[in-house]
Visitor: 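Take a look at this one; I'll ask things after.
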Amino acid sequence: MDNNYADMMLEQLFCEHPHAREFFGAIGLSALPEGQTLGNTVAALDEELLLDVGIERHDLLRQFRDYMAGMEQLRNQQQAMVASVTVLGGHDKSGNLENFKLELRPGEVTCIVGPTGSGKSRFLADIEWLAQGDSPTGRSVLINGTVPDLARRYAVEQKLVAQLSQNMNFVMDLSAEEFIRLHAESRMVTDPSAITATILDLANSLAGEQFIPTTPVTALSGGQSRALMIADVACLSSSPIVLIDEIENAGIDRKRALELLADQDKIVLMATHDPILALMGQRRLIFKNGGVASIRSTSPAERANLALFEQMDARLTMVRNALRNGEEIAGNW
Amino acid sequence: MRLITVAGPPSSGKTAIICKTAEALQAAGISVGVIKFDCLSSGDQVTYERRGIPARTGLSGNLCPDHFYVSNIEECLDWGLQSGFDLLISESAGLCNRCAPHIKDVCAVCVIDNLSGVETPRKIGPMLKMADIVVITKGDIVSQAEREVFVHRIRQVNSSAVIIHVNGLTGQGGHELGRLLKDAAAVDSLQGKLLRFSMPAALCSYCLGQRRIGADFQMGNVKKMELG
């Protein structure tokens, strides 16, 4: 790989590496004159201008090289494969040993249940931190069965856990299409247009009501926002684990949403006390007093009940729709 | 003693992050003191002391906060040394976005929040560009996509910093940030040390108290806009 950017003509550099132009724009040097090599262009930059934007000349090229190397790395490790995440038990708040070994694999949905303050967040933090017996719970985390490279702890671009929660909102002033495209470009995917179209389609298939690509993300309904977030995390986030904090009932096909994440080989961890969601998982971790008190696999009997709960849910949905349409809720439902 | 400079735009969550991190450090037996730099008033000393974190406040009043900070940081370090802290944190708000409080060979942290929008990293100067650690706050209320784009935008202006998410409300990430801070370089004296970048320049007639508007009253370091 030729990294001698300083000797490249500026226009050639920007043509071959569109994100290079973005770098200079971000630094505050968007109007660089073309027709010179990068090295000469930087050497000729006005001292006053450098003072204004707040960067030193010698540091500019170094920062640029680091940035380009980082982006190159991002492009090459599009799918750093995580085949399994293993959590080895530590202890609860009172020091009682947890005594478990839990292996999480792509495509699996694991639910997390327990009262507030029972240690659910700390469990997820242990995974994110790649705890090696050095967190308050004493748990250890293995990736693909081995102790991971701990440099990864502070490598934000390789974050293990992506999050979806009810408290999250879109705050960016962009249309749905522009927004996803921006995310795709920052992830260095090869075909941002194609992935953007895929994500918008998926989101629309999850949301009850359709939205168009030009709808501003801040104008999406609660269900549409959640659908777009889920489709985006499934297809674009680099993190192999997705943490979901409850999926509300508001106009979204929750079953399909989970299937989508599982199909994209995500390891799904979901904090929920919704009976249908909880039973959709392969297993549940039951938290008490800061520790995992027990692990329960979803049994065939529970699965049978799931079918029953889904029927109940469908009936309630019918009532809800009837209410929405202004009907009288009388008679035999 | 280790010295950490923490800077960031107003209301980005600096005090909350320092509180949570200091609590995590103190739990590990590391004593922490805080110097709070502010402009007009600050109740943060009380906030710190209520948590058992010794603190002092410096108010810059009508002086440039950056210039005030750098004229006082040496005495602050002495206070920290005399108090016998393991770690001293200076907290200052980057009020003009061109603030440049970081010192060479002293661990530099910039706090910036997800809610401020994805354009923000481009609007902040040396305070962000020259930080060793960038702490992102308020990540729990924006989408995953926005968090990832935000990180990317920070990377564009600071390719080498460690970027870490800390939640100022729950403290999640504070333990992890604490680990980074306790490995910062020890500093016994700031005599002769260099700022990482020059501070925003001043010294025009308005610095000296001029209040009248008009070309006749402008002297010294004056710069004009190009309006095309």
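Proteins get letters first, then strands, A, B, ... in listed order; numbering begins at 1 in each. Here the structure is a predicted model, which means the values were calculated and not measured.
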Visitor: Where the side chain of B:Ser159 meets the backbone of A:Gln63, is there a donor-acceptor pair that is under 3.5 Å apart?
Guide: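 Yes, the answer is positive, given that a donor and an acceptor are paired below the 3.5 Å cut-off.
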Visitor: Measuring only between side-chain heavy atoms, which start at C-beta, is A:Met172 closer than 4.5 Å to B:Val142?
Guide: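 With C-beta onward as the side chain, the pair stays apart.
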Visitor: To the closest 0.5 Å, what do you measure between OG (B:Ser198) and CD (A:Glu56)?
Guide: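 These two atoms lie 8.0 Å from each other.
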Visitor: Using side chain to side chain contact (heavy atoms under 4.5 Å, CB included) as the criterion, point out the one residue from B:Gln144, B:His165, B:Glu148 that pairs with A:Lys159.
Guide: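 Looking at B:Gln144, B:His165, B:Glu148, the match for A:Lys159 under the side chain to side chain contact (heavy atoms under 4.5 Å, CB included) is B:His165.
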Visitor: Does this structure show an ion pair linking A:Asp134 with B:Arg179, if we count only N-O contacts that are shorter than 4.0 Å?
Guide: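 Between B:Arg179 and A:Asp134 there is a salt bridge, with a charged N closer than 4.0 Å to a carboxylate O.
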Visitor: Could you tell me whether A:Asp173 atom CG has more than 12 heavy atoms of other residues or ligands within 6.0 Å of it?
Guide: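 It does not: A:Asp173 CG has 12 such atoms or fewer within range.
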Visitor: Answer whether the closest heavy-atom distance between the side chains of A:Gln163 and B:Asp140 falls below 4.5 Å.
Guide: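 Not in contact.
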Visitor: Which atom pair, heavy atoms only, marks the closest approach of A:Met168 to B:Gly139?
Guide: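 Of all heavy-atom pairs spanning A:Met168 and B:Gly139, the closest is CE-O, 4.5 Å.
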Visitor: Determine the option with the most heavy-atom pairs under 4.5 angstrom with chain B, choosing from A:Met229, A:Met71, A:Glu22.
Guide: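 Of the options given, most contacts go to A:Glu22.
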Visitor: Considering only heavy atoms and a distance below 4.5 Å, find which of B:Thr170, B:Ile164, B:Asn158 pairs most often with chain A.
Guide: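 Result: the option with the highest number of such pairs is B:Asn158.
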Visitor: Looking only at heavy atoms, which two atoms of B:Gln172 and A:Ala125 are closest? And how far apart?
Guide: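 Smallest heavy-atom distance, with atoms named: NE2-CB, 3.5 Å.
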Visitor: Please identify, among B:Arg147, B:Lys123, B:Glu119, B:Arg153, the residue contributing the most non-hydrogen atom pairs under 4.5 Å to chain A.
Guide: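 Of the options given, most contacts go to B:Arg147.
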Visitor: State, to 0.1 Å, how close B:Met130 and A:Gly54 come at their nearest heavy-atom pair, and which atoms those are.
Guide: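 That would be CE-O, 4.2 Å.
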Visitor: List the steps, then state whether side-chain contact (heavy atoms from CB on, under 4.5 Å) holds for A:Ser186 with B:Arg155.
Guide: CA-CA 10 Å; A:Ser186 80; B:Arg155 211 29 111 207; over 6 Å; no
Visitor: Pick one of side chain, backbone, both or neither for B:Ala100, based on which atoms fall under 4.5 Å of a heavy atom in chain A.
Guide: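 For B:Ala100, no heavy atom lies under 4.5 Å from chain A.
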Visitor: Checking B:Val151 against chain A: side chain, backbone, both or neither under 4.5 Å from a heavy atom?
Guide: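 The side chain, not the backbone.
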Visitor: Which word best sums up how the rings of B:His152 and A:Tyr67 line up, parallel for under 30°, tilted for 30 to 60°, or perpendicular for over 60°?
Guide: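 The arrangement is tilted - the two ring planes meet at 30° to 60°.
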Visitor: Could you tell me which of B:Arg122, B:Met127, B:Glu146 has the largest number of non-hydrogen atom pairs under 4.5 Å with chain A?
Guide: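 Result: the option with the highest number of such pairs is B:Glu146.
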Visitor: Which heavy atom of A:Val53 sits nearest to which heavy atom of B:Lys129, and what is that distance?
Guide: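 For A:Val53 versus B:Lys129, the nearest heavy atoms are O-NZ, 2.6 Å.
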Visitor: Is it the side chain or the backbone of A:Leu50 that comes within 4.5 Å of chain B heavy atoms, both, or neither?
Guide: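 Contact with chain B involves the backbone of A:Leu50 alone.
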Visitor: Is the shortest side-chain heavy-atom distance between A:Val171 and B:Leu115 below 4.5 Å?
Guide: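 Of all side-chain heavy-atom pairs linking B:Leu115 with A:Val171, at least one is under 4.5 Å.
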Visitor: Hey, which of B:Ile133, B:Ile163, B:Leu177, B:Val162 is the one that makes side chain to side chain contact (heavy atoms under 4.5 Å, CB included) with A:Tyr154?
Guide: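 Output: one option passes, namely B:Val162.
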Visitor: Counting heavy-atom pairs closer than 4.5 Å to chain B, which one of A:Phe179, A:Trp129, A:Phe24 comes out on top?
Guide: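 Maximum pair count with chain B is reached by A:Trp129.
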